[in-house]
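Please read the structure below before turning to the comments.
Below, chains carry the letters A, B, ... as their sequence lines are ordered, and counting in each starts from 1.
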There are 2 protein chains.
Amino acid sequence: MKVKESETEKIILNAAKDVFFRKGYDGARMQEIADVAGINKALLHYYFRSKDKLFEAIFEEAFKKLIPKIVESMTSEMNFEEKIKKFINNYIDTLIEVPQIPIFILNELNRNPDRIIGVLKKAGLKPEVIVEGLQRDIENGVIRAVNPKHLIVNIVSLCIFPFAAKPIIQKLFLKDDNPKLFYEFLKERKSEVSNFIINSLIVKP
Amino acid sequence: MKVKESETEKIILNAAKDVFFRKGYDGARMQEIADVAGINKALLHYYFRSKDKLFEAIFEEAFKKLIPKIVESMTSEMNFEEKIKKFINNYIDTLIEVPQIPIFILNELNRNPDRIIGVLKKAGLKPEVIVEGLQRDIENGVIRAVNPKHLIVNIVSLCIFPFAAKPIIQKLFLKDDNPKLFYEFLKERKSEVSNFIINSLIVKP
DNA sequence: GTCTATATCGGGATAGAC
DNA sequence: GTCTATCCCGATATAGAC
């Protein structure tokens, strides 16, 4: 329960986010973070005792940004088709704003799996709720019978993976490193992915 | 064009693979590689001049393992449904054997995007060939009209992402860290993903 | 709170004996 | 080819002045 963040603290956190996102924990240098923040190394330690503590703060914030979106869109009272569309749009739009998050999170997840236990709890993610919602849709004949767990993994995969694989996609399909092209590709994906999923699941009368 | 790899060289490469896969480039320590190989640091430098050179060797090998599988399965003469099934089974089976590769590759890709240019060329991946094949299937009315590039990204996402997200999937869906459960999950995925894709695309008469 | 200077250590790389 | 000893830089962290 933070009371008030000083200006300097915010500047440090932003700089740290920048560097950690780009380089990962091991690749990041306290010196670079200090440079980006326009201060010196000693001050970093004054605010956050260690590199690890500083990282922790960044990681938690990034993680909490991704998880609640899932619950939010997936547990609303819309019908299945609307729910999927809303979720995909929502999720891809969020990631477009912070495209480095996926690889950052995935990497840290594998480097230090234990850390997620705590963060997941704090994020308040209840996969059972989503699974139950999907099961109801299946029972009601809205979508065909699939394994809800795999369906969830499928949906999330389709949204997140392209961000993590950005350099290959650019090189293979977009030829040009122009960031605008990748952005266009992602915008196309929103309808493309929604349709892909809906077409696979919706039971036509 | 390697003529003959000495025994020691192989031992080093295996040890390096182990450590680099687990820790990534920045996190890996030459000392740890030496320990795993049962030799000393100096010998690493004797065989591979630098950490970077050693990494390069590992990375290239890992990358070449993933890419050709895509071409191979996607350019055969089977019909669409068989082709997809073969590809998914093939791909997931390959990754089950070396489940650390996805996060390793993705991470290095983002940390050092330039490296892939060379490796991609050597791997001989021609995405146009796959795209053309899909376009033909669309023209012949085998599958509905979708953007082939997105379809390829979709298929690959569904295969690779779960490996990169392994710790979350375990924690959220499998509760138990028992590796066997994750393995079961992956085996289920083969048919689940195939059906997911085919149901979305195949045009029913 | 912010700085400079410095302690301390770890890690990649090399020299040189065997 | 393989080892021990060592160099040396770079990185985290701290001491202490302002």
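For the pair Phe48(A) CZ and dT14(D) C1', the interatomic distance rounds to 18 Å; values are reported in whole Å. As rounded to whole Å, 12 Å separates atom C1' of dA11(D) from atom CD1 of Ile33(A). The distance between atom CG of Asp35(A) and atom P of dC3(C), rounded to the nearest whole Å, is 12 Å. In this structure, Leu43(B) places its CG atom 6 Å from C1' of dT2(D), rounding to the nearest Å. One atom, CZ of Phe20(A), and another, P of dA11(D), lie 14 Å apart when rounded to the nearest Å.
Not less than 6.0 angstrom separates the ring centroid of Phe104(B) from the ring centroid of Phe20(B). No close placement of the Phe196(A) and His150(B) rings is indicated, their centers lying 6.0 Å or farther apart.
If you check the side chains of Asp26(B) and Tyr25(A), you find no donor sitting under 3.5 Å from an acceptor.
At a threshold of 4.0 Å, the pair Lys85(A)-Glu81(A) counts as salt-bridged, since one of the basic side-chain nitrogens sits closer than that to a carboxylate oxygen.
A parallel orientation is assigned to the rings of Phe182(A) and Phe185(A), their planes being inclined by less than 30° (bins at 30° and 60°).
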In 5'-to-3' order, the base (B), backbone-only (S) or no-contact (-) status of each nucleotide in nucleotides 11-18 of chain C, using a 4.0 angstrom heavy-atom cut-off, is SBBBB---
### Query
Where do Lys51(A) and Leu44(A) land on the side-chain contact (heavy atoms from CB on, under 4.5 Å) test, with the steps shown first?
CA-CA 8 Å; Lys51(A) 181 182 180 180; Leu44(A) 294 181; over 6 Å; no
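Between Asn40(A) and dT2(C) there is no side-chain polar atom (N or O) within less than 4.0 angstrom of OP1 or OP2. Within the 4.0 Å cut-off from OP1 or OP2 of dC3(C), not a single side-chain nitrogen or oxygen of Tyr46(A) is found. The side chain of Thr8(B) places an N or O atom within less than 4.0 Å of a non-bridging phosphate oxygen (OP1 or OP2) of dT2(D).
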